[in-house]
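Below is one structure, written out as structure tokens; the observations come after it.
Below, all heavy atoms of this structure are taken into account, side chains as well, without hydrogens, waters or symmetry copies.
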Amino acid sequence: MINITLPDQSIRQYEAGVTPLQVAGDISEGLARNVLAAKVNGKVVDAMRPITRDSELQLLTWSDTEGKATMWHSSAHLMAEAVEQLYPGVKFGIGPDIEQGFYYDIDFMDYEISSDDFPKIEKKMLELAREKQHYTRREVSKAEAVDYWKNKNDEYKLELINDLEDGEISFYESGTFTDLCRGPHLPNTGFIKAVKLTSLAGAYWRGDEKRKQLTRIYGITFPKKKELTEYLELLEEAKKRDHRKLGKELELFAFSQTVGAGLPLWLPKGAELRERLEQFLKKVQRKAGYKQVITPHIGNVNLYKTSGHYQKYGEDSFRPITTPQEGEEYFLKPMNCPHHCEIYKNSPHSYKDLPMRIAEFGTVYRYEQSGELHGLTRVRSFTQDDAHIFCTPDQVKDEFKGVMDIIMHIFKALDFKDFITQISLRDPEKPEKYIGDEENWQKAEQAIMEVAKEQNLNTIVEYGEAAFYGPKMDFMVRDALGRKWQLGTIQVDYNLPERFELEYIGSDNQKHRPVMIHRAPFGSMERFVAVLIEHCAGKFPLWLTPEQLIILPISEKYQKYAEKVLSFLENNDIRAQIDDRSEKTGRKIRDAELKRIPYMLIVGEKEEAEGTVSVRKQGEGDMGSLKLEAFAKNIQEEIDKMLEE
RNA sequence: GCCGAUGUAGCUCAGUUGGCCAGAGCAGCUGAUUUGUAAUCAGCUGGCCGGGGGUUCGAAUCCCUCCAUCGGCUCCA
């Protein structure tokens, strides 16, 4: 007999070899019907896998992340089975579950395939699902595994097997499909009740663009039809928040084929909003001891040879600009740091001057491959809220902390709560990818880790994600569709000071190398505004929004009073307009609601007589009437509260 | 750059198997209306059907090519 401990700490006794599914059946029949997989001593396994010793058991259902993952992983197999039956002879790469569903990379050989074929595959999948095919696990020897896939002529699976050890190889069979797979899987395909193939894409084998491109089919499945419908509705909702759609609707920015792909045009309202963000940050930075600088948009090729960027990226940049007579080469600046290094070099520095913090809203130009452009989040011309801090090695930690404070302040003012903090360190296996010496790298990496720990931030550490000149800490947020984008960044750099031979005189009257910290709390104005739009669904915080309120006179009889209200508000630094069209009030309200103007002030006979305004809040409706002065005061207080430190 | 999809008025979309001067709603303009918490009415303007090339008596519809956009892959100083 063995003891099975359930999550509520209750203990049940069974014969050795009992399966999680049997335990579930003992608890309730309904539970047994919903068990997708099980966690035994912390490891996710098949619900049919026998338990042989005393164990802690957690039954996994659709409401568990691992339950969903198991469902989707099994769905990948189901799709592969359907595809193999419809397209005999295709070869399979990998087919994992992902955050939302699953995919399978398939070499379709000579078959032509497009998303038009999805309905056919989906139908086949549902057909096979209804057969309630069992997922059967089988341990195989390496020789047997190699044999099987050689027979099938599948070089991809053979390559995967090659990296595995004999004795740790297992097959999963379901229906006519056999896959090299660690598992776990559903008890049978019957759990899959709704199927949607979502997209088709090329994906390089093992992520290597030099290797063959396989066809990746993405899909998602559900245990109930209704859940699929809900998922699709949710997707539709998310699309409504898309910054590309809202940017157009709210007249914030635009693109023109004639100007060029990835070159955003900021429209008046967008420019105003961006300007306000910039002023906000400038003010914070002024308090934190930053000085603003301005540098040109191009730089001599020698600048980038000195910085090292030329050798690393010269070929992948916009082509150089040359002067007509002398043939000198200039590059559009892809970053601001080299220019700022030259500013540092403009005068000698004492340790007493440090840290020196110089900031610039610097517009940079980077050649991004055409397929990578994406709304405002990935563009070829963008403005970084850049600054560089030159300091002594002892000051690194404090400066790093100071930058973190700024970033946290900004996130608070804009109500960003769900962000991910990522620390990017070297790939220890590829030291040739980085410039700079070992000792400096270690120092930098350590400083970042320590500050993150002291700030009590929840961080993830990624090896191999560091910039080539130094380790960094990035702040990422998700867009409406769940894609991750990097916003703020702090990067320690021991390399550029070396390359530019930056110096300061220490208290010992000797020359020393300063440390450089690159930082951009927003990251870029373009990407930040994009993510901000999606986070607030176009309803910007009151302090930031281009039009804070609109005055709606009931008829032109009240135009004069409306103008009086307007000038009063303008005198109180409130951004307002009058809708003086000869439209009905209902129409004016509707238009203002759609433009997401936070407040509507309706003025008519009663308001004029009493010196009040009838207040309507966007999305919330009628708030009753208020004395004009009282309303203005309320607005001011609301804004102050958002910006307090 | 690669794989797949898409591209019709400022915006959202119709345009049947290639066939009469390419349609609608919204926006815009003109006029009427003077309006009380999410769409007042009428008229008008507006399109080289993404660009170029081809097939055809005839192309928005078919083919080629380029460009842009969308979803991925790779990339992201």
Inset, instruction - Locate the shortest heavy-atom distance separating A/A480 from A/A238; write the atom from each residue and the value. - result: CB-O, 3.5 Å

Legend entry - Pair listing, salt bridge (Lys or Arg N to Asp or Glu O under 4.0 Å) test, anchored in residues 516-526 of chain A, at least two apart: A/R274-A/E526

Inset, instruction - Remember a base hit wins even if backbone is also touched, and classify A/R206 as base, sugar-phosphate or nothing at under 4.0 Å, heavy atoms. - result: nothing

Inset, instruction - Using a heavy-atom cut-off of under 4.0 Å over every strand shown, decide if A/R616 touches base, sugar-phosphate, or nothing. - result: base

Inset, instruction - Remember a base hit wins even if backbone is also touched, and classify A/G604 as base, sugar-phosphate or nothing at under 4.0 Å, heavy atoms. - result: base

Inset, instruction - Name the nucleic acid region contacted by A/R244, choosing base, sugar-phosphate or nothing; use a 4.0 angstrom heavy-atom cut-off, strictly under. - result: sugar-phosphate

Inset, instruction - Using the test side-chain contact (heavy atoms from CB on, under 4.5 Å), find all partners of A/E84 that sit at least two apart in sequence or belong to another chain. - result: A/F92, A/K152, A/F177

Inset, instruction - Give A/Y218 one of three labels, base, sugar-phosphate or nothing, depending on what nucleic acid heavy atoms sit under 4.0 Å from its own. - result: sugar-phosphate

Inset, instruction - Return the 5'-most residue of the pair A/E605, A/G207 with respect to RNA chain B, ranking by each residue's nearest nucleotide. - result: A/E605

Inset, instruction - Please list, chain by chain and in numerical order, all residues satisfying side chain to side chain donor-acceptor pair (under 3.5 Å) with A/E122, sequence neighbours excluded. - result: none

Legend entry - Close aromatic pair by centroid cut-off 6.0 Å: A/F108 and A/Y87: yes

Inset, instruction - Could you list all the salt bridge (Lys or Arg N to Asp or Glu O under 4.0 Å) pairs where at least one residue sits in residues 582-591 of chain A, not counting sequence neighbours? - result: A/R581-A/D591, A/R587-A/D591

Legend entry - A/Y310 ring center near A/Y304 ring center (under 6.0 Å): no

Inset, instruction - Kindly say if A/S199 contacts the phosphate of B/G72, meaning a side-chain N or O under 4.0 Å from OP1 or OP2. - result: no

Legend entry - Residue whose nearest RNA chain B nucleotide is more 5′ - A/S555 or A/E368: A/S555

Inset, instruction - For A/I602 and B/U35, give me the distance from atom CD1 to atom C1', rounded to whole Å. - result: 13 Å

Inset, instruction - Answer yes or no: does a side-chain N or O of A/R380 lie under 4.0 Å from OP1 or OP2 of B/C76? - result: no

Legend entry - For atom CG of A/N336 and atom C1' of B/A77, their distance in whole Å: 11 Å

Inset, instruction - Answer yes when A/E237 and A/K240 have at least one side-chain N-carboxylate O distance shorter than 4.0 Å, and no when they do not. - result: yes

Contacts table for residues 603-616 of chain A: side-chain donor-acceptor under 3.5 angstrom, sequence neighbours left out:
{"unit_1": "A/E607", "atom_1": "OE1", "unit_2": "A/G604", "atom_2": "N", "d": "2.9"}
{"unit_1": "A/R616", "atom_1": "NE", "unit_2": "A/E593", "atom_2": "OE2", "d": "2.9"}
{"unit_1": "A/R616", "atom_1": "NH2", "unit_2": "A/E593", "atom_2": "OE2", "d": "3.1"}

Legend entry - Separation of B/C67 C1' from A/L263 CG (nearest whole Å): 14 Å

Legend entry - Short side-chain donor-acceptor distance under 3.5 Å, A/H297 and A/Y365: yes

Inset, instruction - Taking all heavy atoms of A/T221 and all of A/S75, pick out the closest pair and write down the distance. - result: OG1-OG, 2.6 Å

Look for any protein N or O under 3.5 Å of an N or O in nucleotides 9-14 of chain B and output each such pair with its distance, or none.
none

Legend entry - Ring centroid separation A/W485 to A/H374 under 6.0 Å: yes

Legend entry - Pair assignment for RNA chain B - dot-bracket with | for other-strand partners, Watson-Crick or G-U under 3.5 Å: (((((((..((((.....[...)))).(((((.......))))).....(((((..]....))))))))))))....

Legend entry - Any residue meeting salt bridge (Lys or Arg N to Asp or Glu O under 4.0 Å) with A/K245, in chain and number order, not counting sequence neighbours: A/E249

Legend entry - Of the listed nucleotides B/A38, B/U74, B/A77, the one nearest the side chain of A/H309: B/A77

Inset, instruction - Mind checking A/E249 for me? I need base, sugar-phosphate or nothing, with any heavy atom below 4.0 Å counting as a touch. - result: nothing

Inset, instruction - Could you give the distance separating B/U56 and B/C63 at their P atoms, to the nearest angstrom? - result: 16 Å

Inset, instruction - Under 4.0 Å between any heavy atoms, over every strand shown, what does A/E583 touch: base, sugar-phosphate, or nothing? Just pick one. - result: base

Inset, instruction - Could you check which of B/G36, B/U40, B/G71 has an atom nearest any side-chain atom of A/K584? - result: B/U40

Legend entry - Side-chain donor-acceptor contact under 3.5 Å, A/T489 with A/Q491: yes

Inset, instruction - Among the candidates B/C73, B/G36, B/A38, find the nucleotide nearest to the side-chain atoms of A/E372. - result: B/C73

Inset, instruction - Indicate, with a heavy-atom threshold strictly under 4.0 Å, whether A/Q559 touches base, sugar-phosphate, or nothing. - result: nothing

Inset, instruction - Quick one: list whatever passes side-chain contact (heavy atoms from CB on, under 4.5 Å) with A/E438, sequence neighbours left out. - result: A/R426, A/Q442

Inset, instruction - Look at the side-chain N and O atoms of A/K588 and state whether any lies under 4.0 Å from the OP1 or OP2 oxygen of B/A39. - result: no

Legend entry - Closest listed nucleotide, where the reference is the side chain of A/Q369 and the choices are B/U74, B/U35, B/G36: B/U74

Legend entry - Pair A/E372, A/Q369: side-chain N/O donor-acceptor within cut-off below 3.5 Å: yes

Legend entry - Out of B/U37, B/U35, B/C76, whichever nucleotide has its closest atom nearest the side chain of A/R366: B/C76

Inset, instruction - For A/G375, report the nucleic acid contact type (base, sugar-phosphate, nothing); a contact means any heavy atom under 4.0 Å. - result: sugar-phosphate

Inset, instruction - Would you indicate what A/T198 reaches in the nucleic acid, counting non-hydrogen atoms under 4.0 angstrom: base, sugar-phosphate, or nothing? - result: nothing

Inset, instruction - Measure distances between side-chain N and O atoms of A/Y204 and base N and O atoms of B/G1, and say whether any donor-acceptor pair falls under 3.5 Å. - result: yes

Inset, instruction - Tell me whether the guanidinium CZ or amine NZ of A/R216 lies under 6.0 angstrom from the six-membered ring centre of A/Y103 and within 45° of its axis. - result: yes

Legend entry - Distance test, side-chain N/O of A/H518 to OP1/OP2 of B/A77, below 4.0 Å: no

Legend entry - Under-4.0 Å salt bridge between A/E465 and A/K472: no

Please list each protein N or O that sits under 3.5 Å from an N or O in nucleotides 3-7 of chain B, with the distance.
{"unit_1": "B/C3", "atom_1": "O4'", "unit_2": "A/Q213", "atom_2": "OE1", "d": "2.7"}
{"unit_1": "B/C3", "atom_1": "O2", "unit_2": "A/G202", "atom_2": "N", "d": "2.9"}

Inset, instruction - Please state the C1' separation for the pair B/U69 and B/C29 - nearest whole angstrom. - result: 31 Å

Legend entry - Rounded distance (Å) that lies between atom C1' of B/U37 and atom CG of A/D622: 6 Å

Report all interatomic pairs (protein N or O, nucleotide N or O of nucleotides 44-47 of chain B) with separations under 3.5 Å.
none

Legend entry - Whole-Å gap separating C1' (B/A39) and CG (A/L552): 14 Å

Legend entry - Summary of protein contacts for nucleotides 24-33 of chain B, nucleotide by nucleotide, where a base hit scores B, a sugar-phosphate-only hit scores S (4.0 Å, heavy atoms): ---S-----B

Legend entry - A/Y344 and A/H388: CA distance, side-chain angles, deciding distance, side-chain hydrogen bond (donor to acceptor under 3.5 Å, both in side chains) verdict: CA-CA 10 Å; A/Y344 180 87; A/H388 294 95; over 6 Å; no

